[in-house]
Amino acid sequence: MVTHTGFKIRRIVITVILMFLGITMLLPLIWMISSSFKIEGFIFSYPIQWIPNKTTFTFQNWIDLFNVKNYSVPRFYLNSIILAAGTIIGRFFFGSLAAFGFSRYNFPGRDKLFLLYLATIMIPFEVLIIPQYILLRHLKLIDTLLSIILLGSFDAYSVFLLRQYFLSIPRSLQDAAVIDGAKPFVIYSQIIIPLARPAFASLGIITLVGVWNDYMKSLIFLNSPKNFPIVIGVLVFHQHYNLRFGPIMAAATISVFPLLIIFLIFQKEFVKGFMTVGIKG
Amino acid sequence: MKIALRYIIPSFIGFSLMTLIPLVISFLLVFTNWDGAFLAQIKVTGLKNVSYILTKDWLFWKSMLHNFIFTFGVVPVEIILAIILAVLLNDAAYFKKTLRVVYFIPYITLITAVTVVWMMFFQPSWGPINSFLRAIGIQNPPGWLTSPKTSLLSVMIVSIWRSLGYYMVIFLAGLQTIPSELYEAAEIDGAGRVKQFFRITLPMLTPIILFASVTGIIFSFRVFTYINVMTKGRPGTSSYVMVYYLYQVAFKDFRFGYASALAWLLFIVIFLVTIVQWRLQKKWVYEL
């Protein structure tokens, strides 16, 4: 009995320590939110006032954020959503078609072709970016959202991830359908795709998080503010306001939250998505 | 055969255009001095770019050194902290799921937004970190991003902060795969908690440690966003890293040939480090 209580106390102590550390991890974010509602002069006062009071509270930072000429938060968001949705659709479409071909059929040279895909996963995108830039410049696609969607849609990793999952779907299902006279496209769209939903969920989530944070590509391929996604947009506000930190914090807050809310709603799927990628990858 | 190819071809066309052909062009550019303007002006210079980089370009060596410092500072710390957190969290009494979410949150935040917040946090004269340090009696707190001694360290701290939760979640998943019989048997044999950790938990986690170090190292050699937003390689060149240098050469100076040579050298280094890790895994990675 004594050891049992000791065991329980130990577990409670661990919980308390972890909660304390967890809150410490979130301090920069808490400070960010709190500062976005504070009058400029109080943001850096010490000791930090975590919750603004009557004299320090203001909405002005948020009002200012939505009144900047040429830069609009909704526009930045729309661009980010277009980039993410476009890339996800492209990867789902091209990736699943190729994965179907690689996993359900045998043909000479199949494994060599697949190996060619695999080999490029290792190659850092920095090696490819200059020729990609030249190519997209020739296609007159620089400074369009399409350029980034195209670059993301054909990645080898999606083909790999989906193929691995398709391989785990029992062959007997396909054979039964073939006996019933099903065409390949019916097998692809009616059997494989519905059964591979978890793989699509994982791929969708890692693509969303990846594209949302893809700073370098946006920096290189997009020039005009009307095309900026939020990952660049938040820095535009940083430069625009220079030394007014309230609106910068409001911009940071509003750019962090949407994905965070999606994560909190779908946390199970997120964690599962990153874990499958992590362990199988 | 025909059927399979019909499904693969759409992907393969895009894959060739966006990956295979650029790969070949990039390799060819290494041996030229092209500035990206007119193809007619392209000059084949052979190995001149590579030999210049290796023998005369001190900024290349400095950037590469910083990448190694970054990698060996960030990756082990991240992995050790993530394992400790995962093991503790696995043992916690309450709020397990909530805590897992809390630690994962930094990884989900928009990278540039939180980087800007950290810049304010690090502000040397009135930022919260130095205000705190002064309050507890440290007279001359570090200059963080503004000092050549601590600029790279500051970036490393932000990097660890943001990705710690990701690694913790991976290790947490690994802990679930360890059969509980192993611990039960150890308990019967009278092995204490510490012994259990080093004899069971750690060996069983080695495949995931390998995965985490391979991906962590690749990420560290490619670090760019934090640097470009927080320091731009400054003060001086104290926080120059390879991809930042490459970006400057390629898209500020438009020296495509030289930048391609830098990119391939970076790739070779990443490749060699990864190969070494694979070779060494037999020595320490536990296989079922």
Side-chain angles (χ1 to χ4, degrees), chain A residues 8 11-12 14-15 18-19 22 25-26 28-29 31-32 44 46 48 94-95 97-98 100-102 105 107 117 120 122-124 126-128 130-132 135 150-151 153-154 156 159 184 209 212-213 215-216 220 230-231 234-235 238 245 248 252 255-256 259-260 263 267 271 274-275 278-279, chain B residues 1 3-5 7-8 10-11 14-15 18-19 22-23 25-26 29 88-89 91-95 99-106 108-114 116-118 120-121 126 128 131 135 166 169-170 173 211 222 224-225 229 243 246 250-251 256 259-260 263-264 266-267 270-271:
Chain A
K8 189 141 198 208
R11 298 199 349 158
I12 292 170
I14 288 177
T15 311
L18 283 175
M19 276 163 67
M25 287 270 288
L26 295 187
L29 299 176
W31 185 72
M32 167 187 81
F44 290 102
Y46 191 87
I48 297 168
F94 296 109
L97 283 175
F100 181 69
F102 278 123
Y105 294 95
F107 59 89
Y117 272 80
T120 61
M122 257 295 286
I123 292 163
E126 290 76 21
V127 170
L128 307 174
I130 291 169
Q132 285 172 340
L135 176 75
L150 278 178
L151 287 177
S153 290
F154 302 97
V159 178
V209 176
W212 206 260
N213 289 299
Y215 171 70
M216 195 178 184
I220 291 170
I230 193 74
V231 70
V234 68
L235 297 175
H238 185 217
F245 297 105
I248 295 172
S255 57
V256 159
L259 198 61
L260 214 56
F263 164 63
Q267 34 174 294
V271 171
F274 281 103
M275 285 197 307
I279 287 168
Chain B
M1 163 101 194
I3 301 171
L5 283 184
Y7 284 87
I8 294 171
S11 153
F15 175 66
M18 297 299 162
T19 305
L23 190 65
I25 295 177
S26 166
L29 281 177
L88 286 179
L89 192 57
D91 258 8
Y94 308 103
F95 307 120
L99 283 167
R100 190 174 69 175
V101 168
V102 165
Y103 284 100
F104 200 69
I105 280 177
I108 295 296
T109 56
L110 186 74
I111 186 163
T112 45
V114 291
V116 167
V117 175
W118 272 98
M120 319 252 149
F121 242 56
W126 24 260
S131 298
Y166 168 71
V169 160
I170 291 176
F211 167 78
R222 298 175 57 196
F224 172 74
T225 306
V229 175
V243 178
L246 191 159
F251 295 101
F256 283 171
S260 299
W264 278 88
L266 174 68
F267 173 44
I270 295 176
F271 187 75

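First the proteins, then the strands, lettered A, B, ... as listed; each starts at 1.
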Write down the atom of [X], the atom of [Y], and the distance for their closest heavy-atom approach.
{"X": "A/Ala98", "Y": "B/Ile8", "result": "O-CG1, 3.8 Å"}
{"X": "A/Leu26", "Y": "B/Pro106", "result": "CD2-CD, 4.3 Å"}
{"X": "B/Phe15", "Y": "A/Ala156", "result": "CE1-CB, 4.0 Å"}
{"X": "A/Leu128", "Y": "B/Met18", "result": "CD1-O, 4.4 Å"}
{"X": "A/Ile130", "Y": "B/Ala250", "result": "CD1-CB, 3.8 Å"}
{"X": "B/Pro10", "Y": "A/Phe154", "result": "O-CE2, 3.9 Å"}

Using a cut-off of under 4.5 Å for heavy-atom pairs, which of [options] has the most such pairs with chain A?
{"options": "B/Ala263, B/Ser260, B/Ser131", "value": "B/Ser131"}
{"options": "B/Ile270, B/Val101, B/Ile25, B/Leu29", "value": "B/Val101"}
{"options": "B/Phe271, B/Phe224, B/Trp118, B/Trp264", "value": "B/Phe224"}

Any B/Leu99 side-chain heavy atom under 4.5 Å of A/Met19 side chain: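 Side-chain contact under 4.5 Å: yes.
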
The test is side-chain contact (heavy atoms from CB on, under 4.5 Å); show your working for A/Val271 and B/Arg100 and say whether it passes. CA-CA 9 Å; A/Val271 171; B/Arg100 190 174 69 175; 3.9 Å; yes

Under the side chain to side chain donor-acceptor pair (under 3.5 Å) test, residues paired with A/Tyr117 that sit two or more places apart: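 Scan of A/Tyr117 (side chain to side chain donor-acceptor pair (under 3.5 Å), adjacent residues dropped) gives B/Ser11.
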
Heavy-atom count around A/Phe44 CZ within 6.0 Å, excluding the residue itself: above 12? yes

Please identify, among [options], the residue contributing the most non-hydrogen atom pairs under 4.5 Å to chain B.
{"options": "A/Ala252, A/Pro124, A/Ser255", "value": "A/Pro124"}
{"options": "A/Ile248, A/Ile230, A/Ile123, A/Val159", "value": "A/Ile123"}
{"options": "A/Ile14, A/Thr15, A/Val234", "value": "A/Thr15"}
{"options": "A/Leu235, A/Val209, A/Leu150", "value": "A/Leu235"}

Side chain, backbone, both or neither of [X] within contact of chain A (heavy atoms, under 4.5 Å):
{"X": "B/Ile105", "result": "both"}
{"X": "B/Phe256", "result": "both"}
{"X": "B/Trp126", "result": "both"}
{"X": "B/Tyr103", "result": "both"}

Between CD1 on residue B/Ile3 and OH on residue A/Tyr105, distance to nearest 0.5 Å: 5.0 Å

In Å and rounded to the nearest 0.5 Å, what is the CZ to CE distance from B/Arg222 to A/Met216?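 Atom-to-atom, B/Arg222:CZ and A/Met216:CE are 8.5 Å apart.
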
Under 4.5 Å from any heavy atom of chain B - which part of [X]:
{"X": "A/Ile48", "value": "side chain"}
{"X": "A/Thr120", "value": "side chain"}
{"X": "A/Ile220", "value": "side chain"}
{"X": "A/Leu18", "value": "both"}
{"X": "A/Phe100", "value": "side chain"}

Look at the side chain of [X] and the backbone N and O of [Y], then say whether any donor-acceptor pair between them is shorter than 3.5 Å.
{"X": "A/Glu126", "Y": "B/Leu246", "result": "no"}
{"X": "B/Ser26", "Y": "A/Val127", "result": "yes"}
{"X": "A/Asn213", "Y": "B/Ile111", "result": "yes"}

Using the side-chain contact (heavy atoms from CB on, under 4.5 Å) rule, take B/Leu110 and A/Leu259 through it: C-alpha gap first, then chi angles, then the decisive distance, then the call. CA-CA 8 Å; B/Leu110 186 74; A/Leu259 198 61; over 6 Å; no

May I have the step-by-step check of side-chain contact (heavy atoms from CB on, under 4.5 Å) for B/Tyr94 and A/Ile12, ending in yes or no? CA-CA 7 Å; B/Tyr94 308 103; A/Ile12 292 170; 3.8 Å; yes

Going by the angle between their ring planes, with limits at 30° and 60°, are B/Phe104 and A/Phe263 parallel, tilted or perpendicular? tilted

A/Phe107 and B/Leu5: CA distance, side-chain angles, deciding distance, side-chain contact (heavy atoms from CB on, under 4.5 Å) verdict: CA-CA 9 Å; A/Phe107 59 89; B/Leu5 283 184; 4.1 Å; yes

